[in-house]
Amino acid sequence: MASVSSQPQFRYTQPPSKVLHLRNLPWECTEEELIELGKPFGKVVNTKCNVGANRNQAFIEFADLNQAIAMISYYASSSEPAQVRGKTVYLQYSNRQEIVNNKTTADVAGNVLLVTIEGQDARLVSIDVLHLVFSAFGFVHKITTFEKTAGFQALVQFSDAETATSAKNALDGRIIPRYLLSENIAPCTLRITYSAHTDLSVKFQSHRSRDYTNPYLPVAPSAIDGSGQFSLGLDGKKLEPESNVLLASIENMQYAVTLDVLHMVFSAFGPVQKIAMFDKNGGVQALIQYPDVQTAVVAKEALEGHSIYDGGFCKLHISYSRHTDLSIKVNNDRSRDYTIPNPAMVNPQPSILGQQPVQTVGAPGAHQYNGTQYAPPHLQPSAGWASGVPAVPQSAPGQMTSYPYMPPASMPQMTPAGMMQMPAHSGVPPAGAVPPYRPNPM
DNA sequence: AGCACA
């Protein structure tokens, strides 16, 4: 059809069409909002949003040409511009006569997301960081990563399309929080569409793919180091062997760090089974046991080098322990087994989470524990883990999905800079203070 | 703030 492109695009005198072209739409405008906008002028028979490179353009197609003319005419003379969510949108006749809705796979909601990580250092974003980011919205079953012409991409599999959609809506176009990345990594933007996949095939745990439903999946040969032990690190770097038990040493411990504080901090990433605290080299150390390695990896990655309190106080240094199952002989203020199915015995004041825990911490920063402002959603699920119920392993997706994941409405407002705040990854939980992570507090 | 895509 020669008629489409025979005219230059940038013209104010587009001939009338049933189809209107809208631009300057707010972020992720919905079809419903387009219909609302056009409804006063006639019958909207079709819409298409998220059009254009910035995905801030849209089309509205009316049943009748006169209706489109009515809308254009109205706003041409109106003192109030057309608005969506308070943002002025600009209208003109489209150079097309109808909307062709090529619903591509990328538009059809599914449980698997195709994530493109944009940025200079996109390749340096580890699968663990992706896992952390997407876990805020529900249990992540599997992740695969790969490089294509589009760049560094990942497929992220959720239980269902609803969960995937909430993640997509919240994360598409946002950048990965800086505090989740090494300081020298350039900003990485996430572009997210749906994938046509429904179930990813992950044969090995490796630094390119993970199956979180099956922690016993063999580890890829490429991820096994010379000592026969495996390491799945950032960018494939060799690391100490991973373990489900973390060894945390607390540096600059100006303020008491209690068992309950540690439990709360580490529960943000999954159920904590056992904790043992002890003194070593004049400092305090703790062993924290998770049911599986994956959870420990995520916790270590998020917490390493960060301080529990503002000002660099109680800075955590975390490594993997060689232990896999701690032997807790007695539950006291230095050691606890949260898996013993007798809450009363285990924890006389069980729900330390969700309430106002740890008032005993005599730190200036302690007041931060009170606020709900930074309660990471993961603390909510972990509250359920806290009271001695046998911990649900990460490998039980069926149960994981029932966790009270953060409803979309509770996503915090985006800052003007477009930074996303990811409460789940405010990971460092109670310390919550404003920026939740201070990689270099000194 | 200027016309869609596998």
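Note: hydrogens, waters and symmetry copies are ignored here, and every other heavy atom, side chains too, is used. From a predicted model like this one, the values you see are computed outputs, not experimental measurements. Just so it is clear: chains get the letters A, B, ... in the order the sequence lines come, proteins before strands, and each one is counted from 1.
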Which whole-number value in Å describes the distance from [X] [atom1] to [N] [atom2]?
X: A:Asn95; N: B:dC3; atom1: CG; atom2: P; result: 8 Å
X: A:Lys48; N: B:dA4; atom1: NZ; atom2: P; result: 11 Å
X: A:Asn101; N: B:dA4; atom1: CG; atom2: C1'; result: 10 Å
X: A:Ile60; N: B:dC3; atom1: CD1; atom2: P; result: 17 Å
X: A:Asn54; N: B:dC3; atom1: CG; atom2: C1'; result: 13 Å
X: A:Leu22; N: B:dA4; atom1: CG; atom2: C1'; result: 13 Å
X: A:Leu114; N: B:dA6; atom1: CG; atom2: C1'; result: 14 Å
X: A:Ile72; N: B:dC3; atom1: CD1; atom2: P; result: 15 Å

Which label fits A:His263 and A:Tyr338: parallel for a plane angle under 30°, tilted from 30 to 60°, or perpendicular past 60°?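 Parallel, since the angle between the ring planes stays under 30°.
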| said: Once you measure the plane-to-plane angle for A:Tyr255 and A:Tyr309, does it fall in the parallel (<30°), tilted (30-60°) or perpendicular (>60°) bin? | reply: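 Ring orientation of A:Tyr255 relative to A:Tyr309: perpendicular.
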Checking contacts here: which listed nucleotide ([options]) is nearest the side-chain heavy atoms of [X]?
X: A:Ser94; options: B:dA4, B:dA1, B:dC3; result: B:dC3
X: A:Ile99; options: B:dA1, B:dC3, B:dA4; result: B:dA4
X: A:Gln14; options: B:dC3, B:dA4, B:dA1; result: B:dC3

Discussion item. Taking only side-chain N and O atoms of A:Arg96, does any of them lie within less than 4.0 angstrom of OP1 or OP2 on B:dA4?
Written reply: yes
With a 3.5 Å cut-off and sequence neighbours excluded, list the donor-acceptor pairs that the side chains of residues 42-50 of chain A form with protein atoms.
unit_1, atom_1, unit_2, atom_2, d
A:Asn46, OD1, A:Asn101, ND2, 3.0
A:Thr47, OG1, A:Glu31, OE1, 3.2

| task | Could you tell me whether the side chains of A:His197 and A:Gln157 share a donor-acceptor contact shorter than 3.5 Å? | result |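 Distance-only check fails for A:His197 and A:Gln157.
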Per nearest nucleotide of DNA chain B, the residue lying toward the 5' end, A:Gly52 or A:Asn56, is A:Asn56
Margin query: Using heavy-atom distances to pick each residue's nearest nucleotide on DNA chain B, tell me which of A:Ala106 and A:His21 is more 5'.
Written below: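 Checking each residue's closest nucleotide, the 5'-ward one belongs to A:His21.
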At under 4.0 Å between heavy atoms, what does A:Val19 touch on the DNA or RNA strands: base, sugar-phosphate, or nothing? nothing
Margin query: Is there a side-chain contact between A:Tyr320 and A:Val297 in this structure, where contact means two heavy atoms from C-beta onward sitting under 4.5 Å apart?
Written below: yes
